[in-house]
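Below you'll find the structure, written out as structure tokens, and then a few comments.
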Amino acid sequence: MKGTLLLSLSFGLLSLAGCEGVGVSYYASTPPPPLRVETFGPAPGADYVWINGYWGWNSGAYAWVPGRWDHRPRSRAVWVEPRWEKKGNRYHLRQGRWR
């Protein structure tokens, strides 16, 4: 019983480690490049929203995160785009989220 509980807890913690942006802040000393223009087709189903791509941060450099279709978690949910905000002489990435 204890072994099963420990194994389940370990798996749960490891799966959280792969979640992007959980409690992580990114800072850069230069502004991000201009946004890329992406084309996309029709939504794959009802309540899907196109989420634009953005410049993320990976291994000390900007990295493009491509846009995607995402299912709206609630009927009135609105996607708030991720954005880079200037704070002093650095740029901070504010992650996108459903509101």
Side-chain angles (χ1 to χ4, degrees):
M1 177 79 173
K2 283 185 181 179
T4 304
L5 179 61
L6 183 60
L7 182 61
S8 298
L9 181 59
S10 298
F11 178 74
L13 290 173
L14 286 174
S15 64
L16 282 177
C19 293
E20 183 180 346
V22 176
V24 177
S25 291
Y26 298 103
Y27 290 92
S29 58
T30 59
L35 292 175
R36 294 181 179 176
V37 176
E38 296 180 304
T39 58
F40 53 92
D47 277 341
Y48 276 81
V49 174
W50 176 255
I51 295 178
N52 291 320
Y54 65 97
W55 288 105
W57 191 255
N58 188 13
S59 301
Y62 287 106
W64 183 252
V65 177
R68 68 186 190 281
W69 286 105
D70 199 4
H71 189 266
R72 189 184 313 264
R74 297 172 308 282
S75 63
R76 294 186 183 185
V78 176
W79 177 252
V80 178
E81 299 281 337
R83 65 185 182 277
W84 287 92
E85 298 176 339
K86 189 169 184 178
K87 293 188 175 190
N89 62 352
R90 298 189 309 171
Y91 294 83
H92 173 257
L93 177 61
R94 182 175 293 273
Q95 297 287 343
R97 62 184 171 83
W98 288 103
R99 179 177 54 160

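When a residue number appears, it is its place in the shown sequence, counting from 1. All figures in this text were calculated on a predicted structure; none of them were measured in a lab. Excluded from the calculations below are hydrogen atoms, water molecules and symmetry mates; all remaining heavy atoms, backbone and side chain alike, are included.
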**Message:** Less than 4.5 Å apart, side chain to side chain, heavy atoms only: is that true for Tyr62 and Leu93?
**Reply:** no
**Note, Leu35 side chain near Trp64 side chain (heavy atom, < 4.5 Å)** = yes
**Request:** For the pair Tyr91 and Tyr27, evaluate side chain to side chain contact (heavy atoms under 4.5 Å, CB included) and give the outcome as yes or no after the intermediate values.
**Result:** CA-CA 5 Å; Tyr91 294 83; Tyr27 290 92; over 6 Å; no
**Request:** Specify the closest pair of heavy atoms between Trp69 and Pro42, including all atoms of both residues, with the distance to one decimal.
**Result:** CZ2-C, 3.7 Å
**Prompt:** Side-chain contact, heavy-atom cut-off 4.5 Å: Asp70 with Ile51?
**Reply:** yes
**Request:** Flag the pair Trp55 / Trp84 as yes when at least one side-chain heavy-atom distance between them is below 4.5 Å, and no otherwise.
**Result:** yes
**Request:** Would you indicate whether the side-chain heavy atoms of Arg99 and Trp79 approach each other to under 4.5 Å?
**Result:** no
**Atom pair OH/CZ of Tyr48 and Arg72 - distance to nearest 0.5 Å** = 12.0 Å
**Message:** Tyr54 vs Gln95, test: side chain to side chain contact (heavy atoms under 4.5 Å, CB included). Steps then yes/no.
**Reply:** CA-CA 10 Å; Tyr54 65 97; Gln95 297 287 343; 4.1 Å; yes
**Prompt:** Do Glu38 and Trp50 have side chains that get closer than 4.5 Å, going by heavy atoms?
**Reply:** yes
**Minimum-distance pair of heavy atoms, taken over all atoms of Gly96 and Pro82** = N-CB, 3.4 Å
**Prompt:** Between Glu85 and Arg83, is there a side-chain N and carboxylate O pair less than 4.0 Å apart?
**Reply:** yes
**Message:** To the nearest 0.5 Å, what is the distance between CZ on Arg90 and OG1 on Thr30?
**Reply:** 12.5 Å
